[in-house]
There are 2 protein chains.
Amino acid sequence: MKIAEVSELSGLSIDTLRYYERVGLLPPVHRNDSGIRDFDELDVRRVQFIKCMRQAGIPVDVLTEYMRLALIGDETFEARKNILEEQRDLLAAQIAEMQSTLDLLNYKINFYEERLAAVEKNLSPMEEFDVTTQ
Amino acid sequence: MKIAEVSELSGLSIDTLRYYERVGLLPPVHRNDSGIRDFDELDVRRVQFIKCMRQAGIPVDVLTEYMRLALIGDETFEARKNILEEQRDLLAAQIAEMQSTLDLLNYKINFYEERLAAVEKNLSPMEEFDVTTQ
DNA sequence: GCTTGACCTGGAGCTAACTCCAGGTGCTAT
DNA sequence: ATAGCACCTGGAGTTAGCTCCAGGTCAAGC
C-alpha cells in the first residue's frame, strides 16, 4: 500500500507519516526497487495505533520509546506495560480535569441562558468569572 | 496582591501571567505608583478561570476573544455564549475520544498482563498492534 | 520521447504557548 | 548609602509537532 492510500485511510497527512518514520515512531517501511514505500498490514495497524494515541495527547517521544521496545522483542514486555500504565494514568487524570471544565462550561452556558432570559425581564446582573463551582 | 502571590496561588508562572496580560487574555492589571502590578479579587478570579480553560486545551486566542467581549458589556452575551458552546462541544468530543483511547490502553495493559502470565506457562504469542477493539 | 503525477530526500519554516534574558527601577533592611 | 531582592520591559529563544519546499527519480500515458 502506497503512502497516499495510508494517508487517506488514516487521516494523517503524507508529510506526517514520513515524519513519523523519520523520528523512529514508525519503524522503517519496506520500499520497492524505486525506493517507494510499500506499507504492509502491520505498518497500517501501527499507523492507526499511533494516530489514536496521538489524538489522546500522548507525546511522540513516549510512543517512539514504546515502539523501540516493541521492536526488540518479548523481553521488553514489562517495560512496555509500564509505559502504557503511566500514560493511562496521565490520560485518566486529564480526562477527569477536562470533565470538570466541561461541567463548568455547561454551568456558565446555563448561567448565560438564564441571564439572557432575565435581561428580558430586567432582573439584576450576576457575577461573571465565578469558578467556585469547580 | 502582587504577581508572585498570584503565581503561587494559581500555579501559573510569573512569566505566564505577564504573557497573558501582554496578549490581552488578562485585561490590564492595576499598577501602583512604581508600576508594579496589584491584582484585585476579580483579576485573581479571571486568572483561575483562564487556568482552568487552558488546562482543558482551549486556545489562548479563543479565550482572548471571550475576554474582549466580556469587557465590552452585556450586549455581547449572545456572542460569549456561542463561544462557550462551541468550546464545550469540542471539549466533549475530545473527552469522548480520549475515553475510548483510555479504554484501549486498559485493554492493552490487560493483554500484557495476561501475556506475561502466559509466558510463564509457555503459551502462544498474540498480536501487538491490534486496534480493532476501538 | 516527452510530459505528468506520485513519490523521494534533506532541510527550512511555521504555530502555539510559553520561557528566558538583559538591562533597568525601586523598596527595605543593614 | 548600599546591597539585595522583587519587580518591570521589550525582545529573543525554546519546544513540540508538524508542514512546506526545492530539487530529483521514476513509471505510465499520449
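Quick caveat: nothing in here was measured; it's all calculated off a predicted structure. Order of the sequence lines sets the chain letters (A, B, ...), proteins ahead of strands, with each chain counted from 1.
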**OP:** Identify the residue among Gln55(B), Arg54(B), Gln48(B) that makes a side chain to side chain contact (heavy atoms under 4.5 Å, CB included) with Lys51(B).
**Re:** Gln55(B)
**OP:** Could you tell me the separation between the CG atom of Asn32(A) and the C1' atom of dC8(C), rounded to a whole number of Å?
**Re:** 11 Å
Subject >> Electrostatic pair Arg68(A):Glu65(A) at N-O distance under 4.0 angstrom >> reply: yes
Subject >> Atom pair distance, as rounded to whole Å: CG in Asp33(B) and P in dT25(C) >> reply: 17 Å
Subject >> Rounded distance in Å - CG (Leu25(A)) to C1' (dG17(D)) >> reply: 11 Å
Original post:
Where does the angle between the aromatic ring planes of Phe49(B) and Tyr66(B) fall among parallel (under 30°), tilted (30 to 60°) and perpendicular (over 60°)?
Top reply: tilted
Original post:
Is any side-chain N or O of Arg18(B) closer than 4.0 Å to OP1 or OP2 of dC8(D)?
Top reply: yes
Subject >> Value in whole Å for how far the C1' atom of dC8(D) lies from CZ of Phe39(B) >> reply: 13 Å
**OP:** Would you mind reading off the distance between Arg31(A) atom CZ and dC8(C) atom P, rounded to a whole angstrom?
**Re:** 6 Å
**OP:** Tell me whether the OP1 or OP2 atom of dC18(D) has a side-chain N or O from Arg22(A) closer than 4.0 Å.
**Re:** no
Under 3.5 Å, sequence neighbours excluded: what are the donor-acceptor pairs made by side chains of residues 86-93 of chain B?
| unit_1 | atom_1 | unit_2 | atom_2 | d |
| --- | --- | --- | --- | --- |
| Arg88(B) | NH1 | Asn106(A) | OD1 | 2.9 |

**OP:** Using a cut-off of strictly less than 4.0 Å, decide whether Thr16(B) has a side-chain nitrogen or oxygen near OP1 or OP2 of dA17(C).
**Re:** no
Original post:
Roughly, in whole Å, what's the span from CG in Leu17(A) to P in dG17(D)?
Top reply: 16 Å
Original post:
Would you say Arg54(A) reaches dC18(D)'s phosphate, i.e. side-chain N/O to OP1/OP2 under 4.0 Å?
Top reply: yes
Original post:
Can you check whether Ser34(A) has a side-chain N or O nearer than 4.0 Å to OP1 or OP2 of dA27(D)?
Top reply: yes
Subject >> Rounded interatomic separation in angstrom, taking CG from Asp38(B) and P from dC8(D) >> reply: 10 Å
Original post:
Which sits closer to the 5' end of DNA chain D, Ser13(A) or Arg37(B), going by the nucleotide each is nearest to?
Top reply: Arg37(B)
Original post:
In terms of ring plane angle, is the pair Phe77(B) and Tyr112(A) parallel, tilted or perpendicular, where the classes change at 30° and 60°?
Top reply: perpendicular
Original post:
Given atom CD1 of Ile3(B) and atom C1' of dC5(D), what is their separation to the nearest angstrom?
Top reply: 16 Å
Original post:
Taking for each residue the nucleotide of DNA chain C bearing the nearest heavy atom, is the 5' side occupied by Glu5(A) or by Ile36(B)?
Top reply: Glu5(A)
**OP:** Check every atom of dC18(C), dT9(C), dC20(D) against the side chain of Asp15(A) and return the nucleotide holding the closest atom.
**Re:** dC20(D)
Original post:
Does the side chain of Tyr19(A) get closer than 4.0 angstrom to OP1 or OP2 of dA16(D) through an N or O atom?
Top reply: no
**OP:** Measure from the side-chain heavy atoms of Tyr20(B) and tell me the nearest of dC18(C), dA17(C), dT9(D).
**Re:** dC18(C)
